[in-house]
Amino acid sequence: MKSAAYIFTLFLLLSAACARNSGDPDAGMNRFLDSLISQMTLEEKVGQMTQYTSNWVVTGPTLSDNVEEELKSGRVGSIFNALTVNYVRSLQKIAVEETRMHIPLIFGFDVIHGYKTIFPLPLAEACSWDLDLIEKTAALQAKEAAAAGLNWTFNPMVDIARDPRWGRVAEGAGEDPYYGSLVAAAKVRGYQGDDLGSPQTVLACVKHFAAYGAVEAGREYNSVDMSERMLREVYLRPYHAAVDAGVGSVMTSFNDLDGIPSTANKWLMTDILRNEWGFKGFVVTDYTSMNELVNHGIAADEKEAALLAIKAGVDMDMQGADYIHNLPDLVKEGKVSGTEIDKAVYRILREKYLLGLFDDPYRYLDNQREKNTIRSKEMTDHALQSARESVVLLKNDTVGRKPVLPLSKNIKSIAVIGPLGDDQADMLGSWHGSGEAKDVVTLLQGIKEKIPETKVRYVQGCPVAENDRSGFAEALSVAKSSDIVILALGEGAWQNGEAASRSDIGLPGLQSELAESILATGKPVVAVIMAGRPLTISRLADHAPAIVNAWQLGTMAGPAIADILFGDYNPSGKLVISFPRNTGQIPVYYSMKTTGRPASGQKYTSKYLDIPNSPLYPFGYGLSYTRFTYSDLKTDKSEIGFGEPLTVSVNIKNAGDRDGVEVVQLYVRDVVASVTRPAKELKGFERIALKTGEEKTVTFTLTSDNLRFYDKDMKYVAEPGEFKVFAGRNAEDVLETGFVLK
Ligand code: BGC
């Protein structure tokens, strides 16, 4: 026998459908949700605002009895880390069939760069500058995760990061707000699709709001303090772009900002997010970040923490159980109003409604689909293409009469040396969903498959991080007796991502020493760096003739790198984050200010005594096996008025002997303004494919809208005056022209 409440829910859905048919979809949804909320007890409402993890362990799920009891009594609205159709179904069944209100759960998971098929780390894929590819990756990640019963990913992470000591640079799109905003929007579109109600899409969650990427000294969970101008012009922009793209949820960050932790920050969560930007979805805390308000020292206890969070505009409590333990009392004491609770519940239920969970709470749960979709060829094919496009060629010297790369497939013997040469687990990178090491094709396997006739030998040489030299001798002897050495160096997956800040971002352990002793043999060496952040590799850059920055590329790492090494794919990736010369140079990013004493030969100017100001490799940098020449940068007018378009054009020619892809970049500098402006700001780019000998004119349109910034009175305006325009292959190697805004 169905309960009366169940029948009532059906009745509500029916009337919502009628309202939809009458041409007003929101009216129907609102009527449904308002009626539903009016039937709920206070406890059930706060239950919807409560999320718990299922502690998925290697052998399967574990949900403590207590949580299951909570679930049955309607005191849980969402579960995360619950995987597989069967397990998700068992939980959804409890929510829908055993609770009084039959409200379906929403199931979350960190699909950061893949659910089971692991794509390159987000920082790596961002180096493709290929927004269509990035959007498709997100769509496939959604499809695979949704096939496992999930309907919510805690991604994209859109934190701008200019300090590579912070391990989570791996999860974002690098240092630039313009580019970061485009990536953020592409990922939201990819995850959510055109129809959130489709069982192929998932709800996205933009995180970590706000400015988490600017933690002091790159130390995880640390404080952030910055000007509002910097916050708005740089750090907030990608979140705003995600909201404009329709993201359905936002996660608070762990850090405080100007003294107010995000989870208690009304200015961020309500004034900016909802009132300024019009965000309609719901806000979830980061993992226990509400409870942590006590450690931050702004709440005396968890009850006060819950009060601060609800007042700030936080709707769902991840894992901390602060809301469920305290909100009912706070309402009874009159400190929180029923309306405040209803608003939060409405926002959460709205997303469940848009996901179609009220129509069919089991719509994501199809065992056959799960079997057919996960690790399907469609996934691995795209993972391979994404991995190829993520690789950045940093150096390729000419030795004799030819560049070192690409390598000939007729080579007789190759030594692959280094801790990451045949490592499956570390290729997955940090936050790799439920990806498994056994599915990864390593660099060694990729090379062997590519050139089966060649003698390929592998020696680890040393571990990733421990001080063990016992493999050095064998590594040297194999190197000496091979025609070429591929050095496979970098970080373990555990050395980037959350809680993986490093105070020295050089090659860990004895890897530099190993590299130097191999280089000393005089054999041709190609260094392949696999890491989740830029590493300080100045010495390697001085001595190794070729360096391929391969990041951590996921399931298809090996074949992708082999395609690059042997020229089956011409590298096209460009850095989205500057490579510092050493850790002391951090932060170094292309859009720094000129200062009052720009660096020069004069002593008393802004510089270091021991290194140049420029990074080792700048933003936008990446080589190709072909050669692109730039010429004829011009604007169609020397002056424009406000609102009037300016066309900038530049000629690019593929002057080399291979077809290739180039990312043409456009930068602008505001020469005189009421506040100091960056030396350059990215304003556009185009990724173009050119056949050998082919030439193309790339055009960009700028208007005064693209030139706006927060002026001395914090008004978002463009100011008249002179502007420099640069176009080129990276932030440093550019042609220059200019115009005047009248
Ligand atoms: C991380 C978030 C993540 C959450 C849930 C937190 O520790 O900071 O990025 O989404 O855990 O797994």
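When a ligand or atom number is given, it counts from 1 through the structure's own listing order. As the structure is a prediction and not an experimental result, all values here were calculated from the model. Note that the numbering runs from 1 along the sequence shown for the chain.
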Pair D315 + R350: basic N to acidic O under 4.0 Å: no
Hey, is ligand 1 close enough to Y287 that some N/O pair sits below 3.5 Å? no
Ligand 1 atoms nearer than 4.0 angstrom to some heavy atom of K207 are 2 (C), 3 (C), 9 (O), 10 (O)
Under a plain distance cut-off of 3.5 Å, with no hydrogens placed, do Y235 and D159 share a side-chain donor-acceptor pair? no
Does K371 have more than 12 heavy atoms from other residues, nucleotides or ligands lying within 6.0 Å of its NZ? no
Under the ring-ring contact (aromatic ring centres under 6.0 Å, His included) criterion, do F154 and F80 qualify, and how do the steps go? CA-CA 10 Å; F154 304 133; F80 67 118; 5.6 Å; yes
Between W431 and ligand 1, is there a nitrogen or oxygen pair with a distance under 3.5 Å? no
Has ligand 1 got any nitrogen or oxygen that is less than 3.5 angstrom from a nitrogen or oxygen of D110? yes
Suppose I only count heavy atoms of F154 and a 4.0 Å limit; which atoms of ligand 1 are within that range? 10 (O)
Where does R168 meet ligand 1, judged by heavy-atom distances below 4.0 Å: at the side chain, the backbone, both, or neither? side chain
Which protein heavy atom lies closest to atom 11 (O) of ligand 1, and at what distance to 0.1 Å? D286 OD1, 3.4 Å
dist E144:CD -> T117:OG1 (nearest 0.5 Å) comes out at 3.5 Å
Below 4.0 angstrom from a heavy atom of F80, which ligand 1 atoms are there? Numbered from 1 as shown, please. 5 (C), 12 (O)
Backbone, side chain, both or neither: what part of H208 comes under 4.0 angstrom of ligand 1, heavy atoms only? side chain
Are the charged groups of K303 and D301 less than 4.0 angstrom apart, N to O? no
Do S249 and E351 have side-chain N/O donor and acceptor atoms under 3.5 Å apart? no
Ligand 1 contacted by Q319 (non-hydrogen, < 4.0 Å): no
Report the distance from atom CG of N81 to atom CZ of F109, rounding to the nearest 0.5 Å. 6.0 Å
Taking 4.0 angstrom as the limit and counting only heavy atoms of F254, give me the atoms of ligand 1 inside it, by number and element. 7 (O), 8 (O)
